[in-house]
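Since we're looking at a predicted model, the values are computed, not measured.
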Amino acid sequence: GLALALGLSAHGLRKRSLSRGGAAAAFIVGLLSFSFSVRAGTLLITFYYTGSKLTKLKADLKAKLDAGYVEGGQRGAHQVLACSALATAVAMVQWYLCGGDGRVDPSASPLGAALSCAYLAHYACAAGDTWASELGVLSPTPPFLITTLRPVPPGTNGGVSPL
């Protein structure tokens with residue numbers, strides 16, 4: 001896990017996906033996640049990879065549309081930890097109470113299965129938010145508020161678009 005966490009955080013820093021602080025936080029999160037569970041570490045990498053790719057998708061257009069756009073979508077430590085600290089804690093608790101990667105079987109280990117699902121659900125939620133933000137800004141039609149169905153500016157909480 002050490003070499004992988006170091007390599008991926010250095011790669012994120014080189015590609016400008018992460019600031020220095022973001023790379024340090026990503027290293028710690030990656031090291032801990034892989035140390036507690038290969039499954040957890042693999043899911044973390046999948047989340048990071050897909051989010052990074054979508055951040056770079058049509059970056060030139062996003063720069064024109066978003067006043068707060070940062071080239072490369074550079075993430076700082078606070079963003080890395082906001083998206084991963086809770087899941088890393090869940091992986092740690094699962095490792096401590098249930099052991100490492102085992103079969104996800106609710107009948108054999110209800111707590112282990114629940115913690116595996118919690119970890120997965122955490123990153124599913126984080127990925128959904130990241131993907132929606134990165135793709136929604138590219139929508140040719142303005143978003144609408146889910147509660148009133150009225151158009152709202154891009155980036156409004158609760159706003160959805162066809163894309």
Side-chain angles (χ1 to χ4, degrees), residues 1-57 59 62 66 68-137 146-147 155-161 163:
L2 176 65
L4 193 54
L6 186 59
L8 290 174
S9 59
H11 178 75
L13 186 59
R14 251 190 337 273
K15 291 288 194 172
R16 301 181 66 197
S17 298
L18 297 168
S19 68
R20 286 181 190 259
F27 169 74
I28 292 167
V29 166
L31 178 63
L32 291 174
S33 296
F34 266 103
S35 296
F36 297 132
S37 164
V38 172
R39 183 184 305 131
T42 302
L43 183 60
L44 171 66
I45 288 173
T46 303
F47 166 71
Y48 167 74
Y49 179 78
T50 59
S52 293
K53 289 298 180 188
L54 289 176
T55 296
K56 291 176 181 2
L57 179 71
K62 290 177 188 174
D66 184 359
Y69 178 79
V70 177
E71 185 179 340
Q74 199 172 57
R75 306 293 200 263
H78 66 283
Q79 290 167 306
V80 170
L81 294 174
C83 288
S84 60
L86 180 61
T88 304
V90 168
M92 179 184 68
V93 168
Q94 182 180 15
W95 171 81
Y96 182 75
L97 296 178
C98 306
D101 287 326
R103 196 168 139 230
V104 180
D105 182 358
S107 61
S109 176
L111 179 61
L115 290 169
S116 289
C117 289
Y119 187 89
L120 177 63
H122 174 87
Y123 278 116
C125 182
D129 180 62
T130 299
W131 299 350
S133 297
E134 296 299 342
L135 295 174
V137 71
I146 192 93
T147 54
T156 301
N157 286 333
V160 296
S161 65
L163 184 64

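Every side-chain contact (heavy atoms from CB on, under 4.5 Å) that Ile146 has, sequence neighbours left out, goes to Val160. Partners of Thr147 under the side chain to side chain donor-acceptor pair (under 3.5 Å) rule, at least two apart in sequence or in another chain, do not exist in this structure. Asp129 pairs by the side-chain contact (heavy atoms from CB on, under 4.5 Å) definition with Ser133, not counting sequence neighbours. Applying the side chain to side chain donor-acceptor pair (under 3.5 Å) test to Thr42 and every residue at least two apart in sequence or in another chain returns nothing. Under the side chain to side chain donor-acceptor pair (under 3.5 Å) criterion, Ser116 pairs with Gln94, sequence neighbours left out. Partners of Arg103 by side-chain contact (heavy atoms from CB on, under 4.5 Å), not counting sequence neighbours, listed by chain and number: Asp105. For Leu120, the side-chain contact (heavy atoms from CB on, under 4.5 Å) partners at least two apart in sequence or on another chain are Leu43.
With a 4.5 Å cut-off on side-chain heavy atoms, Leu2 and Phe34 do not count as touching. Using a 4.5 Å heavy-atom threshold, the side chains of Leu57 and Glu134 count as separate.
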Do any side-chain atoms of residues 21-33 form donor-acceptor pairs under 3.5 angstrom with protein atoms, and if so which ones, sequence neighbours left out?
{"from": "Ser33", "atom 1": "OG", "to": "Val29", "atom 2": "O", "distance (Å)": "2.8"}

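To the nearest 0.5 Å, atoms OG1 (Thr88) and CG (Leu81) are separated by 8.0 Å. With values rounded to the nearest 0.5 angstrom, Ser37 atom OG is found 10.5 Å from Leu44 atom CG. Note that the CZ atom of Arg20 and the OG atom of Ser9 stand 12.5 Å from one another [nearest 0.5 Å]. Atom-to-atom distance recorded for Leu13:CG and Leu8:CG is 12.5 Å, nearest 0.5 angstrom. Here the OG1 atom belonging to Thr130 is positioned 9.0 Å from the CG atom belonging to Leu54, to the nearest 0.5 angstrom.
Sorted by first and then second residue, the salt bridge (Lys or Arg N to Asp or Glu O under 4.0 Å) pairs involving residues 25-37 (not counting sequence neighbours) form an empty list. For residues 78-97, the pairs satisfying ring-ring contact (aromatic ring centres under 6.0 Å, His included) are Phe36-Trp95, with sequence neighbours left out. Listed by first then second residue, pairs satisfying salt bridge (Lys or Arg N to Asp or Glu O under 4.0 Å) with a partner in residues 107-117 number zero, not counting sequence neighbours. Among pairs with a residue in residues 115-134, those fulfilling ring-ring contact (aromatic ring centres under 6.0 Å, His included) read Phe47-Tyr123, Tyr119-Tyr123, at least two apart in sequence or across chains.
Taking each heavy atom of Ala40 and Ala91 in turn, the nearest pair found is CB-CB, 4.2 Å. Contact record, Val90 with Ala118: CG1-CB, 4.3 Å, taken as the closest heavy-atom pair. Minimum heavy-atom separation, Lys56 to Ser17: NZ-OG, 3.1 Å. The heavy-atom pair separating Val104 from Arg39 by the smallest distance is CG2-NH1, 3.6 Å.
Judged by distance alone, the side chains of Ser52 and Lys15 never bring a donor and an acceptor atom under 3.5 Å apart. Residues Arg75 and Thr55 bring a donor and an acceptor atom of their side chains to less than 3.5 Å of each other.
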